[in-house]
Amino acid sequence: MVAWPDPGRGSPFPGSVAQFLLDGPGSGCHRFLTARGVAIQGVALNVAVIGAGPAGLFVGAALARRSHRVTAVDRDIGPGGGGEWARRGVMQFHHAHTFRPQVADALLAEMPLAYKCWLDAGAEPVTATFDGRDRMIGVRSRRVTFERALRSAAVQVDCLQIRRGHVDGILTRNGRAAGVQVDGVAFDADLVIDCSGRAGRAARGLGGRRTVGGNCGIAYVDRQYRLRPGALPGPMSNPIGYMAGYDGYMVVVFPHEYRLFSTVIIRSTANRDLIALRHAAAFDAVARAIPALAEWTDPAIAEPVTSVLPGGALMNVYRGQSDEDGRLILPGLIFLGDAVCTTTPNFGRGLTTTMMQCTELLALLDAGPRHLDDVGEQFDQWCDAAMLPWVQDHMTIDDAQADRWNGHAVDLSKALPSDLIVEAAAVDATIGARIGPYLSMQQGPDSLAALESRAHAVFAGGWSPAPPPGPTAAQLSEIVTIALASP
Ligand SMILES: Cc1cc2nc3c(=O)[nH]c(=O)nc-3n(C[C@H](O)[C@H](O)[C@H](O)COP(=O)(O)OP(=O)(O)OC[C@H]3O[C@@H](n4cnc5c(N)ncnc54)[C@H](O)[C@@H]3O)c2cc1C
């Protein structure tokens, strides 16, 4: 096993704590090594981060600011000098994104330079007035713009190295994480943080993690456009974008920076006909047929700047830090970001849950327990309490939506899913007055429980949300068939 090459940035500590403990001379070493593993208070750790996506770069930079010595390894080559960044293996990178204020807040707290770079690159904070005060409610930006900003700030952080390589697996020593294997070479670390995303496989050899959920039965297909000079944007259903449920599908439009915007059609994966939306002729025909999308994408108003982008399988999945018996998968290894939880993206929650996790982990490392194992266990408990409910919320929403997309009425024999409780606010203003903390993710899904009976009464009274004007999913299938049959 070898230590990471020195980053040459004046790192305040010459080697790994673990290596020092295990190999180094002197009795003073032993004050760090305890029955619970590596003690962390006042000790500079050697940290290996798997993945230099949002979670990896953010937590890596934040730990490096705390004088830990961090190396983030990513198989991706990184952004080139031009505008292109293929970012293979991160399917969502090219898909429509919107950013909640928690993402901006996290950057301002830990990586203010990244926030500045983001704004310099055109990101547009959106504000709204609440109780007479202006508050940020989101940031309009493409994902590529966000990640470029994050990366350009991260490369300037002392004690953080970003290395290209594929992490093949996690090294263990005495039952603890001891480093990572990168392209066949072993590197030591006191703490390994797995930020390898929703499809990460670096830890697969370590045994099964406690897992809830699976595929959500929904697929994305989207395309980016730019508004022509002087053209006005299309309809918005809220200050962040346009979101509407139609008969058998959903439509989202997210404005980004510099008059760019993404249009998304969200379909059931069971609707095989709509797979053909990946063809530009089919996508364009459908965009013309849905009035709100037609307004946004009218060729006189906007021009496409990408091809049609079909998405891979979307998931509602929670994976804990521990196995089914509640034992940490590996002491000294922490999973973070999408490696812990992913939710259907239509509510734009993924980067917020990622930043919430990073913030909590940093708080535990800063002020909490004295040992890494305690951090792992406490973080696991926090994830169960704060992250799992969001995944379960989306599972309930998506299951109920699949039923409705299959032609069933709202099932009043069960508790209503959160999206329908929110919809009922259109009829019962007392619901509307109390859903804000859920919508803004200041409170979890259980904050809606007290409103369920009121929403239930709304639906039991025969009301249901009317979709905006537009074709049904069955009619979309016909439009797609005709478009593809046309010469
Ligand atoms: C279609 C779609 C749309 C979305 N829209 C939104 C949105 O609007 N708003 C929002 O907040 N969230 C959205 N999300 C969620 C958001 O994209 C994720 O929450 C976010 O990417 C999580 O960041 P991460 O760093 O945990 O993982 P990732 O972004 O997946 O990064 C993981 C990194 O690990 C690297 N990696 C993986 N394995 C290895 C290995 N073995 N060796 C080396 N490197 C490795 C990868 O190359 C990658 O760089 C969306 C997700 C999807 C699928």
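Just follow the structure's listing: the first ligand is 1, and inside any ligand the first atom is 1. Counting begins at 1 with the first residue of the sequence.
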As an exercise, identify every atom of ligand 1 less than 4.0 angstrom from a heavy atom of [X].
X	answer
Gly51	33 (C), 34 (O), 35 (C)
Cys195	32 (C), 33 (C), 34 (O)
Thr354	19 (O), 22 (C)
Arg87	47 (O), 48 (C), 49 (O)
Gly337	26 (O)

Taking distance alone, with N or O pairs closer than 3.5 Å, would you say [X] contacts ligand 1?
X	result
Gly200	no
Ala55	yes
Gly350	yes
Leu351	yes

Please walk me through it: do Phe254 and Phe261 pass ring-ring contact (aromatic ring centres under 6.0 Å, His included)?
CA-CA 6 Å; Phe254 285 145; Phe261 64 92; over 10 Å; no

[atom]: nearest protein contact (heavy atom, Å):
atom	answer
atom 42 (N) of ligand 1	Val167 N, 2.9 Å
atom 23 (O) of ligand 1	Pro54 CD, 3.7 Å
atom 9 (N) of ligand 1	Thr98 O, 2.8 Å
atom 44 (N) of ligand 1	Arg75 N, 3.2 Å
atom 53 (C) of ligand 1	Gln92 CB, 3.4 Å
atom 14 (N) of ligand 1	His97 NE2, 3.5 Å
atom 30 (O) of ligand 1	Gly197 CA, 3.6 Å
atom 31 (O) of ligand 1	Gly53 CA, 3.8 Å

For the backbone of [Y] and the side chain of [X], can you confirm whether one donor and one acceptor N or O come within less than 3.5 Å of each other?
X	Y	result
Asp222	Val264	no
Thr306	Gln224	yes
Arg209	Tyr318	no
His94	Ala86	yes
Arg176	Thr172	no

As a check for students: among [options], identify the option with a heavy atom nearest to [atom].
atom	options	value
atom 22 (C) of ligand 1	Leu314, Val180, Val340, Asp338	Asp338
atom 21 (O) of ligand 1	Arg164, Arg143, Arg198, His166	Arg143
atom 46 (C) of ligand 1	Ile50, Val73, Asp168, Asp74	Asp74
atom 5 (N) of ligand 1	Gly348, Ala96, Gly169, Gly138	Ala96

Could you see which bit of Val90 sits under 4.0 Å from ligand 1, with heavy atoms only: side chain, backbone, both or neither?
side chain

Applying the side chain to side chain donor-acceptor pair (under 3.5 Å) test to Ser322, which of Arg210, Arg327, Gln381 qualifies?
Arg210

Criterion side chain to side chain donor-acceptor pair (under 3.5 Å) against Asn316, the qualifying member of Thr342, Thr344, Asn215
Thr344

Side chains of Ile334 and Val192: closer than 4.5 Å at any heavy-atom pair?
no

Is the closest basic N to carboxylate O distance between [X] and [Y] below 4.0 Å?
X	Y	value
Arg404	Asp419	yes
Glu147	Arg151	no
Glu110	Arg65	yes

When you measure from the heavy atoms of Gly165 to every atom of ligand 1, does any distance fall below 4.0 Å?
yes

Could you check Arg288 against Asp284 for salt bridge (Lys or Arg N to Asp or Glu O under 4.0 Å), going step by step and ending with a plain yes or no?
CA-CA 6 Å; Arg288 281 194 298 275; Asp284 289 348; 5.2 Å; no

So, for Val212 and Val391, which heavy atoms are closest and what is the spacing to 0.1 Å?
O-CG1, 4.4 Å

